[in-house]
Amino acid sequence: MREPTFLILTALADSPRHGYGIVQEISALSDGRVSLLTGTLYTALDRLTAEGLIEPDHEEEVDGRVRRYYRLTAEGLAALTAETARLRQLTTAAEARLRAVRPRTV
């Protein structure tokens with residue numbers, strides 16, 4: 001799973017969000033390191049919807065513009081859970097190797 005996909009699914013894990021809300025949440029999750037462009041975000045949202053990982057939740061009109069909210073599906077939650085476990089396993093392996101090469105301080 002690519003990082004933007006992981007971050008989008010993570011941003012939707014606790015509540016439905018609209019596009020700009022997803023962008024803001026991703027920025028917060030990544031400490032400002034990741035900033036998705038609008039085109040990239042909506043392409044990813046369309047793909048994730050087609051894959052059944054997210055789905056539209058509801059729409060609302062704000063200042064004459066429609067905001068579509070998305071939420072994680074059960075399949076999306078399963079995919080996010082599996083990817084989180086995979087990343088945790090890789091992190092654990094990397095940390096073990098780093099501990100092995102760090103000089104010991106006395």
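Note that the structure is a prediction, hence the values are computed from the model and not measured.
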_Student check: side-chain heavy atoms of R68 and L45 closer than 4.5 Å_ = no
*Can you tell me how far the CG atom of L48 sits from the CG atom of L41, to the nearest 0.5 Å?*
9.5 Å
*Which atom pair, heavy atoms only, marks the closest approach of Y42 to Y20?*
OH-N, 4.4 Å
Can you give each donor-acceptor pair under 3.5 Å made by side-chain atoms of residues 75-91, sequence neighbours left out, with the distance rounded to 0.1 Å?
| unit_1 | atom_1 | unit_2 | atom_2 | d |
| --- | --- | --- | --- | --- |
| E75 | OE1 | T73 | OG1 | 3.2 |
| T81 | OG1 | L77 | O | 2.8 |
| E83 | OE1 | R86 | NE | 2.9 |
| E83 | OE2 | R86 | NE | 3.3 |
| E83 | OE2 | R86 | NH2 | 2.7 |
| T84 | OG1 | L80 | O | 2.8 |
| T91 | OG1 | L87 | O | 2.8 |

*Could I get the full list of salt bridge (Lys or Arg N to Asp or Glu O under 4.0 Å) partners for E95, not counting sequence neighbours?*
none
*Return the minimal non-hydrogen interatomic distance between Y70 and L12, and the atom names on each side.*
O-CD2, 3.3 Å
*Do you know the tightest heavy-atom contact between I26 and A11?*
CG1-CB, 4.2 Å
*Rounded distance [0.5 Å steps], CG in L7 versus CZ in R2*: 13.0 Å
*Could you grab the distance from atom CD1 of I22 to atom OG1 of T10, nearest 0.5 Å is fine?*
11.5 Å
*At what distance, to the nearest 0.5 angstrom, does OG of S27 lie from CZ of R33?*
10.5 Å
*Straight-line distance of E3 CD to I8 CD1, nearest 0.5 Å*: 11.0 Å
*Can you sort out the partners of Y69 under ring-ring contact (aromatic ring centres under 6.0 Å, His included), two or more places apart, ordered by chain and number?*
H18, H58
_Quick check: closest heavy atoms across L72 and A13, and the distance to 0.1 Å?_
CD2-CA, 3.8 Å
*Could you pull out the closest heavy-atom pair between L36 and T40, with the gap in Å?*
CD2-CG2, 4.2 Å
*Look at the side chain of R17 and the backbone N and O of E25, then say whether any donor-acceptor pair between them is shorter than 3.5 Å.*
no
